[in-house]
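As a basis for the values below, the full set of heavy atoms in this structure was taken, side chains included, without hydrogen atoms, waters or symmetry mates. What you see is a predicted model, and the numbers here were worked out from it, not measured in a lab. In the text below, chain A, chain B and the rest are named by the order of the sequence lines, each starting its count at 1.
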Amino acid sequence: MNTSHLTLRGRCVVPGVAEGEALVTHDRISGWGGIDSRTGTIVEVRHALRGVSFAGKVLVFPGAKGSSGWSNAFHLTRTFGVAPAAMLFTEMTTKIALGAVVTRAPALTDFDGDPLALIETGDWVRVDADRGLVEITKAAQRSKASS
Amino acid sequence: MKLTDAEQAMLDGRDGPAVQKAMDLLLRYGRALGAERLVETHNVVASVSASTPFMREFASQHGGMEAVFSQFSLDSDEVVSIPKVRTFSVHTQLGFDPAQAERMGVDEQTVQFFRKGEAFTTGLGIQATNTCTPYQVGNIPVRGEHCAWMESSAVVYCNSVLGARTNTEGRESVGAAMLTGRIPYWGYHLDENRLGSHWIEVDTDVQSTADWGLLGYWMGEQVQEQVPVITGIRSTPNLARLKHFGASASSSGGVEMYHLVGITPEATSLQQAFGRRKVPNQPLRYGLRERRETLQRLNATGREAKIDYVMLGCPHYSLEQMWELAQLLEGRRIHADVQLWVFTARATKFLCDQSGYTRIIEDAGGHILSDSCSAMSRAVPTGTRVVALDSAKQTHYLPAILGVQAWFGSTAQCVEAACAGRWQELAG
């Protein structure tokens, strides 16, 4: 079995197609007070990705937590040009739904497998939200192809 | 999503382009959620203000306040003319206190722009309550009322304490709600989602607002965004305690609804709180050990005992808390190296002026500010490195936002620290 290319199917939250390097966290993300909207960097003190930017990345995470400023904080990442390329998440809330809509990055949820288990930071991920399809190229395979 | 004829007419442009954009956003948002329809609402808590230099810049480049509202309250790149609001709408806290801008390090240009913006939003019919606690200044929905509220600490109060129904809305969805009188019928608007998921048994006395803050902070970490049902509370908490409790739980997790058995309206019994769901066999237990560990986690950034700043009033202090603070400070003097700022709603500050609390607090060297808080404004006294707080929520946010060290404790502990200039950890 070829394990270097994987696919997931999910439900469309925000339509569109995008691809990029995966940034994966098992921690929920706080919007307002949890990210710096000007740089797309996570700033929450005890977050696993503290200091890491999600700009242009396919952000894979459980979902949103914290302030109702979530949507505005992510809306501003779009305004500043540092939004994620796409969002894949597993827990639906109003914060993440509205946040994804106004970030306007393709987004999916309700997957047939666990994206948090199957996708690792550094994998290349193509998100076709219109078709509900995620195509994953594992980082190991990518480095082999480029060497 | 299924739309009523009236909703379809709004989407088709009957009520103009702003209402059309609003309905379009509600549809995109509702589909993202997987909602089947919208529900009527006549009660909105919203942030529409423009109180940052960025917003000023955006307004000047894109077409003034209507451009700010179009983009950030309706998610519309096209600038549309904004009509008066259709629903009762009150404003959340601001980015600064316009009456004390200088103290907060806000320049005159920003204040002038804010005032222009506020004239625009009050002109639309949005009430300038400017508080994170609308339920303290005249917006108290009744049980079962469908609302569209922002501000996580207000949302959890609305659902849990008042028994009204709201999800945690954001700036764009409340913007759309105030123009259409609609919000997606999803989440906490539906009976089945309001039932308990976790059972928590409290094994220790929970008395002060700090005690309630610690319990809430621990509970949020345990249940994340689920619905906890709490038993073992020995004395009925007041508004301020539940205000701190919910604010903590919504910061450490994403709690939007909880039940206190025998206290909150949808939990006259453990069975009622869980409804059709099964009551778990074993509760999660909160005792002295959990309390101590939570306090240690909250105080993770605190290293130096010498403090520069005491911030109270997150969420905005109740009138009762202002009275308590005045009693703690009466006849005392805040240390020369320490600033004490307490934040409350503007309406509450008027009452403090009338009742003499303002004079007592100012005589001790403290300052009452309104409309904002340090986390929202990123404003602290010049040179602040170490902060003392009686709010778990503010302790959660302030070190992340400003890189300061923070100590969390009771209001009395904060007042002692303010007068001594040093933080003293209490045993246990």
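Atom CZ of B:Arg171 is separated from atom OG of A:Ser68 by 11.0 Å, given to the nearest 0.5 angstrom.
Using a 4.5 Å cut-off between heavy atoms, B:Gln71 touches chain A through backbone and side chain atoms alike. Heavy-atom distances place both the backbone and the side chain of B:Asp77 under 4.5 Å from chain A. If you measure heavy-atom distances from B:Tyr397 to chain A, the contacts under 4.5 Å come from the side chain alone. For B:Ser250, the part sitting under 4.5 Å from any heavy atom of chain A is the backbone (N, CA, C, O) and nothing else. At a 4.5 Å heavy-atom cutoff, the contact between B:Trp186 and chain A is made by side-chain atoms alone. For B:Thr92, no part lies under 4.5 angstrom from a heavy atom of chain A.
Per-residue heavy-atom pair counts under 4.5 Å with chain A were compared for B:His396, B:Lys393, B:Glu225, B:Arg297, and the maximum is reached by B:Glu225. Most heavy-atom pairs under 4.5 Å with chain A, from the set B:Leu25, B:Val174, B:Asp75, B:Val255: that is B:Asp75. When the candidates B:Glu172, B:Arg378, B:Glu256 are compared by the number of heavy-atom contacts under 4.5 Å with chain A, B:Glu172 comes out ahead. Heavy-atom pairs under 4.5 Å with chain A peak, among B:Pro399, B:Ala375, B:Gly254, at B:Ala375. Residue with the most contacts toward chain A among B:Gly253, B:Ser153, B:Gly30, B:Ser251: B:Gly253 (heavy-atom pairs, distance under 4.5 Å). Chain B forms more heavy-atom pairs under 4.5 Å with one residue of A:Lys95, A:Arg11, A:His47, A:Arg50 than with any other, namely A:Arg11. Contact count versus chain A (heavy atoms, under 4.5 Å) is highest, among B:Leu398, B:Asn167, B:Leu33, B:Val155, for B:Leu33.
Against chain B, the residues from residues 17-36 of chain A that qualify, each with a non-hydrogen atom under 4.5 angstrom away, are A:Arg28, A:Ser30, A:Trp32, A:Gly33 in number order. Within residues 72-87 of chain A, the residues approaching chain B closer than 4.5 Å by heavy atoms are, in numerical order, A:Asn72, A:His75, A:Leu76, A:Arg78, A:Thr79, A:Phe80.
For A:Thr94 (side chain) and B:Thr168 (main-chain N/O), a donor-acceptor pair under 3.5 Å exists by modelled atom type.
The shortest side-chain heavy-atom distance between B:Arg31 and A:Val101 does not fall under the 4.5 Å cut-off.
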